[in-house]
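Each remark here refers to the structure printed beneath this line.
We name chains A, B, ... by the order of the sequence lines, and we start the count at 1 in each one.
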2 protein chains.
Amino acid sequence: MRTINAIESSQKHFEYCPLDTTLGILSGKWKSIIICRLMSASLHFSELHKEIPRCSKRMLALQLSELQEDQIIKRQVTATFHTEYSLTAWGQSLAPLVTALNSWGRHYLKENAGKIAGNNNLDC
Amino acid sequence: MRTINAIESSQKHFEYCPLDTTLGILSGKWKSIIICRLMSASLHFSELHKEIPRCSKRMLALQLSELQEDQIIKRQVTATFHTEYSLTAWGQSLAPLVTALNSWGRHYLKENAGKIAGNNNLDC
DNA sequence: CCGAATCCTAAATGATACTG
DNA sequence: CAGTATCATTTAGGATTCGG
């Protein structure tokens, strides 16, 4: 009996808050990564799972279904036991935000953790 | 023994992800609202609490201390038993992002929940 | 291969009381 | 006033199993 997830959960101050609506969509534990990955290409469930090994199968399924409810991604059965996930128009419209958030974070990390070891490219 | 919160918690794919760093800062349960409020003016603890009644005193204190650790807000004792919170430079630099996220959310809400009752101004 | 259902533990949050 | 400490409850998430 759910409608859109992110809308229901963005009423913290008694009314709908667009800022929290957006954050609600992006900030599930694995959602940003999923969106990032799908920004490059459509992927099967197992491919996504390989890309995000720390996310259990159960969690991946959960996050994917929430993103579907929020109309950010769409699911298509390509063959028996094969499902492909891709961004919807709404999902694609998030790209500039994702880029902006990523840039801010990169700047912040550089300033505050300049001494981070390793050769991170610092991107999703 | 904590360093910066948001940095530690943004290593979901084994390395630092700037996108998740930013989202980690913004997406604590009450953080976005706190930041919004402080974007207009510096506020005392009790004033913030009045603005966000659904957030318990305990949670408010928690979220404020995390935002402090992340260098987004600063805390100043103005008188005995009076503390004032305001944005740091990093906090202020979030303004464009907050605006962008809010705009996207407003658009999304309009399309997906056009029939929302009431006279919401749809802003934080 | 994809994902739902179940069970169980750990983490997050609320309620309340306490203190400088 | 601005928190902290403690306890009770809720919620999130992992492990495992099952089935289309």
Side-chain angles (χ1 to χ4, degrees), chain A residues 1-2 5-6 8-14 20 23-34 37-38 41-70 73-86, chain B residues 1-2 5-6 8-14 20 23-34 37-38 41-70 73-86:
Chain A
M1 200 34 138
R2 293 228 293 208
N5 231 319
E8 298 308 312
S9 60
S10 59
Q11 291 186 276
K12 291 177 187 164
H13 6 308
F14 307 104
D20 280 317
L23 287 172
I25 288 174
L26 288 174
S27 61
K29 197 164 184 189
W30 303 97
K31 293 183 183 173
S32 59
I33 310 181
I34 293 171
R37 291 296 180 267
L38 295 181
S42 299
L43 291 173
H44 288 181
F45 186 92
S46 56
E47 293 172 322
L48 271 168
H49 192 39
K50 249 171 275 169
E51 296 264 357
I52 321 173
R54 294 234 254 238
C55 177
S56 70
K57 218 176 49 156
R58 178 181 166 282
M59 272 308 290
L60 183 57
L62 252 162
Q63 303 274 295
L64 286 171
S65 81
E66 289 185 15
L67 284 169
Q68 251 184 281
E69 285 180 34
D70 288 347
I73 65 175
K74 60 171 173 281
R75 173 177 174 277
Q76 282 164 311
V77 179
T78 56
T80 326
F81 302 145
H82 270 268
T83 34
E84 184 171 85
Y85 290 93
S86 55
Chain B
M1 199 37 137
R2 291 229 294 210
N5 233 318
E8 296 310 311
S9 60
S10 57
Q11 290 185 278
K12 292 176 186 164
H13 4 310
F14 306 103
D20 279 318
L23 287 172
I25 288 174
L26 288 174
S27 61
K29 196 163 185 188
W30 304 98
K31 292 183 185 175
S32 60
I33 311 179
I34 293 170
R37 291 298 179 266
L38 294 182
S42 300
L43 291 173
H44 288 180
F45 186 93
S46 58
E47 294 172 322
L48 271 168
H49 192 38
K50 248 171 276 169
E51 296 264 358
I52 319 171
R54 292 235 253 239
C55 176
S56 69
K57 219 174 46 154
R58 178 181 167 284
M59 272 308 288
L60 183 56
L62 251 161
Q63 302 275 294
L64 287 171
S65 80
E66 288 184 16
L67 285 169
Q68 252 183 281
E69 284 179 35
D70 288 347
I73 65 176
K74 60 172 172 280
R75 174 178 174 274
Q76 282 164 308
V77 179
T78 56
T80 326
F81 302 146
H82 269 268
T83 34
E84 186 172 86
Y85 289 93
S86 56

Worked check of side chain to side chain contact (heavy atoms under 4.5 Å, CB included) between A/Gln68 and A/Ile73: CA-CA 5 Å; A/Gln68 251 184 281; A/Ile73 65 175; 4.1 Å; yes

Under 4.0 angstrom between A/Tyr85 side-chain N/O and C/dC1 OP1 or OP2: no

Contact check, side chains of B/Leu38 and B/Leu67, non-hydrogen atoms, under 4.5 Å: no

Partners passing side-chain hydrogen bond (donor to acceptor under 3.5 Å, both in side chains) against B/Glu84 (at least two apart in sequence or in another chain): none

C/dG14 phosphate, OP1 or OP2, under 4.0 Å from B/Ser56 side-chain N/O: yes

Given DNA chain C, 5'-ward residue of the pair A/Leu64 and B/Gln63, judged by closest heavy atom: A/Leu64

Helical bend (five base pairs per end, nearest 10°) for the helix from C/dC1-D/dG20 to C/dG20-D/dC1: 50°

Contact boundaries on DNA chain D for chain B, cut-off under 4.0 Å to non-hydrogen atoms: D/dC1 to D/dT6

Within residues 73-82 of chain A: residues closer than 4.0 Å to DNA chain C (heavy atoms): A/Arg75, A/Phe81, A/His82

A/Leu26 side chain near B/Leu26 side chain, heavy-atom distance below 4.5 Å: no

Contacts of A/Arg58 that satisfy side-chain contact (heavy atoms from CB on, under 4.5 Å) - sequence neighbours left out: A/Ser56, A/Leu62

Sugar-phosphate only, base, or nothing, as touched by A/Lys57 at under 4.0 Å among non-hydrogen atoms: base

Protein-nucleotide distance (B/Trp30, atom CH2; C/dT13, atom C1'), rounded to Å: 11 Å

Side-chain heavy atoms of B/Ile34 within contact of B/Leu60, under 4.5 Å: yes

Set of side-chain hydrogen bond (donor to acceptor under 3.5 Å, both in side chains) partners for B/His82, sequence neighbours left out: B/His44

A/Phe45 and A/Lys57, any side-chain heavy atoms less than 4.5 Å apart: yes

Value rounded to 0.5 Å, distance of CG in A/Leu23 from OG in B/Ser27: 6.5 Å

Earlier contact from the 5' end, DNA chain C, for A/Arg58 and B/Met59: A/Arg58

Side-chain donor/acceptor of A/Asp70 to backbone N/O of A/Ile25, under 3.5 Å: no

A/Arg75 side chain near A/Leu64 side chain, heavy-atom distance below 4.5 Å: no

Sugar-phosphate only, base, or nothing, as touched by B/His44 at under 4.0 Å among non-hydrogen atoms: sugar-phosphate

